[in-house]
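In what follows, a single structure is set out as structure tokens and then discussed.
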Amino acid sequence: MAQVQLRSVVKKYGSLEVVHGIDLDIADNEFVVLVGPSGCGKSTTLRMIAGLEAISGGEIAIGERVVNDLPPRHRNISMVFQNYALYPHMTVRENLGFSLKIANRPQSEIDRAVEEAANILSLSDYMDRKPGALSGGQRQRVAMGRAIVRHPEVFLFDEPLSNLDAKLRTQMRTEIKKLHQKVQSTIVYVTHDQVEAMTLADRIVIMRDGHIEQVGTPLEVFENPVNTFVATFIGSPPMNLLPATITNGEVAIENGPSVALPSAFEGKVREGQAVILGFRADNLMPRGHSLPMEGQHAAFDMKVNLSEPLGTETLLFSSLAGREVQAKMLNPRPVSPGETLPFQLDLTRCHLFDAASEASLR
Amino acid sequence: MSRLKPPAWFVLLLPAIIILAAVVLIPLLLSLYSSFTPYRLTRPDSLYRWIGFANYEKALTSIHFWTAFGRTVLLLTIALNLEMLMGLGLALLVNKVTWGQRTLRTIMMFPMMFSPILVGFQFKFIFNDNVGLVNNALQSLGLTDQAIPWLVDGKLAFFSILVAEMWSATSVFAILILAGLFAVPRDPIEAATVDGCTPWQTFRHITLPFIMPFIYIALAIRSLDVARAYDIVQIMTNGGPARRTELLWTLIGRTGYVDARMGYANAMGYISIFLAIFFTVYFFRKLNAARGELGMAS
Ligand SMILES: Nc1ncnc2c1ncn2[C@@H]1O[C@H](COP(=O)(O)OP(=O)(O)O)[C@@H](O)[C@H]1O
Ligand SMILES: [Mg+2]
């Protein structure tokens with residue numbers, strides 16, 4: 001049983017505070033992904049959990065134990081580093097078995113555990129090579145194998161896929177997901193890639209500038225972002241955001257058309273309030289090329305500046321009220337630049353954020 | 001024009017060839033030749049008498065030569081091991097220091113800045129049995145009331161020379177090992193701590209393999225140094241008293257310049273060079289093996 005708890009955890013480098021008192025509860029066996037732009041303190045947080053960085057304030061508990069003053073070797077964790085951090089002077093076999101050897105386990109047990117890890121990660125053919133003679137993907141797998149042989153309570157991953165090419169990354173992503181199902185452990189995974197976060201996580205923790213912005217399941221943070229930062233960070237393409245004002249009970253887009261107030265926000269906005277209207281490309285589609293919009297929706301014409309065919313759909317770049325917005329076209333037909341199309345906006349899926357605080361008004 | 005012209009590369013290399021021949025090749029050949037003659041500096045015509053391997057036979061059957069040879073190897077072994085351990089300790093300590101490390105590093109290099117001759121004089125004074133620091137200190141502390149003959153007793157004199165050698169050269173190890181420590185990547189160290197290593201295990205299994213190449217470089221450099229040790233011993237004991245601290249090169253130096261038997265001295269010199277070559281080759285082998293371990297071999 002290994003839940004991980006962070007209580008008001010602070011990290012300071014000298015007088016510079018980079019993690020500002022974060023709270024987080026990670027359940028046993030949960031796969032939690034810390035995601036955020038680079039420099040937001042993800043690695044620092046992970047390294048505090050690992051014990052590689054001292055904790056400047058607050059408390060971290062693994063299982064029932066507060067680990068603030070425990071060295072990494074007493075925390076029963078494994079970590080996979082961004083640059084793999086393999087031992088260059090040891091063969092793959094020695095790399096995998098190192099932690100068990102250090103723990104003075106009998107050789108037969110080490111061999112069995114190494115063999116098992118090698119099978120899970122298909123490393124059996126490279127066991128006597130040194131890391132220098134392996135490809136990036138193979139090194140990555142050795143790093144993961146080294147983490148799993150010990151059956152730790154908690155796995156920590158620091159951007160383990162960021163040095164791989166796109167294809168290998170997708171492949172390894174699936175492997176990691178499978179691995180989690182096989183080994184049944186708590187995983188804390190750091191990435192700056194929101195796609196990785198969405199696909200892997202049981203719960204996503206979105207960080208910015210040393211703060212946690214939102215914690216939730218992938219669908220929760222996608223559907224209900226608490227602020228414009230999360231709204232634009234999660235989901236691809238990023239959510240369209242347009243400044244607007246509540247006028248006569250409607251949402252008047254600045255220098256643009258007015259649309260009806262989405263019913264979800266009735267009673268939550270004031271007349272005259274400055275807001276930001278947010279909607280995803282998936283909810284803005286040309287008529288005749290859209291999902292059926294049975295609920296509340298708005299209609300207006302827009303000129304298409306650029307189109308990116310993706311096969312099953314085409315991404316359209318248009319301008320609305322002087323800002324670029326992205327829309328999607330289903331059952332696509334060729335669109336020439338400059339063509340004006342009638343668009344439909346699904347208001348049931350729109351978001352309103354306060355203009356000043358950028359927080360969701362839902 | 002039918003005159004034969006030498007190729008351009010030869011003309012261009014000619015100055016280098018001439019200089020190399022003048023400063024390296026000719027002296028080398030001359031000394032090699034003289035080792036086959038009974039050449040004495042005082043009797044130049046002896047240079048033209050060929051006596052074959054007589055000098056070499058004489059050296060290889062001479063008890064003085066072999067004693068000096070053995071003592072040199074002993075000094076080399078003890079000094080290198082101790083210097084390596086102390087240098088390693090020093091480097092590890094300095095590596096831990098976060099404040100004032102630059103200053104410490106500079107101070108650490110002080111012994112290397114002194115001429116070995118001066119080091120010899122300094123330690124000759126320190127170990128002097130009447131006015132020396134060591135005896136004064138021991139007597140003041142009441143540890144002894146005698147004047148310990150540091151430079152007269154054979155064993156003590158060897159020890160005194162060892163101390164002087166170590167004082168002047170431990171920093172060679174410390175500096176090179178410190179450079180090695182700076183080059184140890186952080187990642188594997190962190191991985192090892194997470195993998196359950198104690199600080200000692202991390203050092204033993206990760207740091208040490210990474211600094212081994214640096215240790216072997218230092219050993220190779222220092223083995224050459226000690227194999228040709230001359231100046232400190234010459235000043236402190238002059239190989240004496242009664243040859244009790246005679247090393248190879250003090251013996252060779254005396255034979256060549258004091259006894260003026262240059263042919264014989266050269267023969268001993270050529271034998272001694274094998275000692276230096278042996279150690280250098282040995283440590284470079286080790287160095288390459290250590291680099292191979294790390295996947296750095298060429
Ligand atoms: N050793 C350090 N000294 C000072 N500042 C640091 C140190 N390590 C990281 N930082 C700062 O802390 C912040 C968070 O870093 P990090 O956790 O590595 O971000 P990321 O989210 O990209 O992993 C960054 O602004 C970084 O500059
Ligand atoms: Mg990072």
Side-chain angles (χ1 to χ4, degrees), chain A residues 14 43 46-47 49-53 67 70-92 94-105 129-134 139 142-152 154-158 160 163, chain B residues 88 91-92 95-102 176-177 179-219 283-298:
Chain A
S43 297
L46 195 76
R47 291 166 58 82
I49 300 176
L52 294 172
E53 296 284 351
V67 297
L70 286 185
R73 65 178 187 278
H74 292 145
R75 296 191 184 197
N76 201 10
I77 44 147
S78 281
M79 183 154 169
V80 178
F81 294 81
Q82 182 168 4
N83 312 315
Y84 318 133
L86 300 178
Y87 310 125
H89 53 300
M90 300 183 197
T91 62
V92 171
E94 289 164 339
N95 264 283
L96 293 178
F98 184 68
S99 60
L100 298 179
K101 189 177 130 198
I102 288 299
N104 276 323
R105 297 289 175 72
R129 291 205 203 161
K130 285 190 179 164
L134 298 178
R139 285 180 208 184
V142 177
M144 286 196 351
R146 196 172 59 179
I148 65 175
V149 286
R150 302 172 51 211
H151 297 291
V154 183
F155 283 101
L156 307 174
F157 287 84
D158 191 356
N163 287 345
Chain B
L88 180 61
L92 287 172
N95 193 37
K96 284 277 170 223
V97 173
T98 47
W99 192 86
Q101 201 195 58
R102 266 161 196 276
L176 281 168
I177 293 175
L181 286 173
F182 286 161
V184 177
R186 248 175 84 113
D187 277 358
I189 301 237
E190 292 189 336
T193 46
V194 172
D195 262 351
C197 286
T198 59
W200 161 251
Q201 287 170 322
T202 308
F203 172 75
R204 165 74 190 74
H205 294 287
I206 313 295
T207 311
L208 196 57
F210 272 103
I211 55 174
M212 266 340 261
F214 292 83
I215 292 183
Y216 284 126
I217 289 174
L219 282 171
F283 286 126
F284 269 97
R285 285 250 170 91
K286 290 288 216 179
L287 170 66
N288 277 330
R291 282 167 52 86
E293 273 288 292
L294 293 172
M296 298 195 297
S298 43

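Quick note on labels: first sequence line is chain A, next is B, and so on, each numbered from 1.
One finds the CZ atom of B/R204 at 9.0 Å from the CD1 atom of A/I102 (value rounded to the nearest 0.5 Å). Atom CD of A/Q82 and atom CG of B/D187 lie 9.0 Å apart (nearest 0.5 Å).
Within a 6.0 Å radius of CZ in B/F284, other residues, nucleotides and ligands contribute 12 heavy atoms or fewer.
For A/L156, no part lies under 4.5 angstrom from a heavy atom of chain B.
Applying the ring pair (Phe, Tyr, Trp, His ring centres under 6.0 Å) test to A/F98 and every residue at least two apart in sequence or in another chain returns A/Y87, B/H205. Residues satisfying the ring pair (Phe, Tyr, Trp, His ring centres under 6.0 Å) test with B/F203, not counting sequence neighbours, are B/W200.
Residues B/P199 and A/R73 share a closest heavy-atom pair of CD-NH1, 3.8 Å. Residues A/R146 and B/A191 approach most closely at NH2-CB, 3.5 Å, considering heavy atoms.
Heavy-atom pairs under 4.5 Å with chain B peak, among A/A85, A/A147, A/P131, at A/A85. Put simply, of A/G132, A/A143, A/P88, the one with the most heavy-atom pairs under 4.5 Å next to chain B is A/P88.
Residues B/E190 and A/R47 meet the side-chain proximity criterion, which asks for heavy atoms closer than 4.5 Å. Contact check for A/R150 versus B/D195: side-chain heavy atoms found under the 4.5 Å cut-off.
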